[in-house]
Amino acid sequence: MINLLSDTQIIILSCVLSLVFIFIIGILSFLIYKSKKKGMQNDAVSSRSNDEFISLIGGVENIISFELKGVSRLVLVLKDYKKINKEELKKFYISRTLEMSDKIILVGENLKPLDEILKSVK
């Protein structure tokens, strides 16, 4: 019988194939995790009422204007910024808020559902 590969070559080939397999499994796991997380986020936003989000930013009458920048920043111009409940906004996947003198920016991973809520009431 002809031996095509030496023992050392077989070990090296096995290691390389194992690393490739582990790398592919890691990438697939990451992609599945990201898609599930995004789906859970949209479900969590849609399971809450539109009125709840609007009340957390002070009600419809408190909104002067809004603009979605990309998918991760929602810029709000409000009449009274003290009416915002920042802690409760985290339930809507808002990771942080940036305050400026004339506007507040809500930052999150995907704020399109919140933009749609605002469009439906304004």
Side-chain angles (χ1 to χ4, degrees):
M1 197 170 8
I2 301 173
N3 190 359
L4 298 176
L5 297 173
S6 69
D7 290 341
T8 307
Q9 290 172 329
I10 290 173
I11 291 172
I12 292 172
L13 182 62
S14 297
C15 289
V16 168
L17 290 176
S18 296
L19 290 174
V20 168
F21 180 73
I22 291 170
F23 180 73
I24 290 171
I25 294 297
I27 288 175
L28 290 175
S29 298
F30 176 75
L31 293 175
I32 290 169
Y33 169 77
K34 289 293 276 185
S35 71
K36 282 184 179 179
K37 183 178 176 185
K38 185 177 256 186
M40 288 177 6
Q41 177 179 347
N42 289 338
D43 291 345
V45 170
S46 64
S47 71
R48 301 189 187 292
S49 72
N50 296 358
D51 295 334
E52 184 180 356
F53 174 69
I54 297 299
S55 69
L56 292 176
I57 58 173
V60 176
E61 64 281 348
N62 195 36
I63 303 168
I64 296 173
S65 67
F66 61 92
E67 180 183 5
L68 183 65
K69 303 266 187 174
V71 293
S72 63
R73 293 174 290 139
L74 184 61
V75 179
L76 300 170
V77 178
L78 305 172
K79 293 177 185 173
D80 185 2
Y81 294 95
K82 294 177 185 172
K83 292 183 178 181
I84 293 178
N85 188 335
K86 294 176 192 169
E87 283 304 310
E88 290 294 314
L89 281 174
K90 291 180 181 178
K91 292 180 182 176
F92 287 88
Y93 288 91
I94 294 171
S95 56
R96 61 188 167 133
T97 57
L98 305 171
E99 296 181 43
M100 300 187 176
S101 60
D102 62 338
K103 60 186 159 192
I104 190 162
I105 302 172
L106 306 178
V107 180
E109 193 171 313
N110 178 13
L111 300 182
K112 281 184 180 181
L114 301 182
D115 183 55
E116 293 301 319
I117 292 171
L118 290 170
K119 286 178 181 175
S120 71
V121 297
K122 273 302 216 183

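The residues of the chain are indexed from 1 along the displayed sequence. Since the model is a prediction, treat every value here as computed from it, not as a measurement.
One hydrophobic cluster, built from ILVMFWY side chains closer than 4.5 Å, cannot hold both Ile57 and Val75; they sit in different ones. The same ILVMFWY cluster, assembled from side-chain heavy atoms under 4.5 Å apart, contains both Leu68 and Phe66. A continuous path of hydrophobic side-chain contacts links Ile104 to Phe92 [ILVMFWY only; heavy atoms under 4.5 Å]. In this structure, Val107 is not a member of the same hydrophobic cluster as Val71, with clusters built from ILVMFWY side-chain heavy atoms closer than 4.5 Å. Both Val20 and Leu28 are assigned to one and the same hydrophobic cluster, defined by single-linkage of ILVMFWY side chains at heavy-atom distances under 4.5 Å.
Counting heavy atoms from C-beta outward, Leu114 and Phe53 have side chains that approach closer than 4.5 Å. Counting only heavy atoms from C-beta outward, the side chains of Leu89 and Leu106 approach each other to under 4.5 Å. Looking only at side-chain heavy atoms (C-beta outward), Ile94 and Leu74 stay at 4.5 Å or farther from each other. With contacts defined as side-chain heavy-atom distances shorter than 4.5 Å, the pair Ile54/Leu118 qualifies. In this structure, the side chains of Leu111 and Arg73 stay at 4.5 Å or more apart for every pair of heavy atoms.
A donor-acceptor pair under 3.5 Å is absent between the side-chain atoms of Asp102 and the main chain of Val77, judged by distance alone. Not a single donor-acceptor pair under 3.5 Å links the side chain of Asn50 to the backbone N or O of Ile117. Of the possible donor and acceptor atoms, none in the side chain of Lys83 sits under 3.5 Å from a partner among the backbone N and O of Gly59.
Nearest heavy atom pair, residue Asn62 against residue Gly58, reads CB-O, 3.3 Å. Here the closest non-hydrogen pair linking Glu61 and Lys79 is O-NZ, 2.9 Å. Residues Ser55 and Glu52 share a closest heavy-atom pair of OG-O, 2.8 Å.
To the nearest 0.5 Å, atoms CG (Leu13) and OG (Ser18) are separated by 9.0 Å. Distance check, rounded to the nearest 0.5 Å: NZ of Lys90 to CG of Asn85 gives 10.5 Å. To the nearest 0.5 Å, the span separating CD1 on Ile25 from CD1 on Ile22 amounts to 9.5 Å. The structure places CG of Asp115 at 10.0 Å from OG of Ser120, a figure rounded to the nearest 0.5 Å. Taken to the nearest 0.5 Å, the CG atom of Leu56 stands 10.5 Å off from the CG atom of Asp51. To the nearest 0.5 angstrom, Thr8 atom OG1 is 6.5 Å from Ile12 atom CD1.
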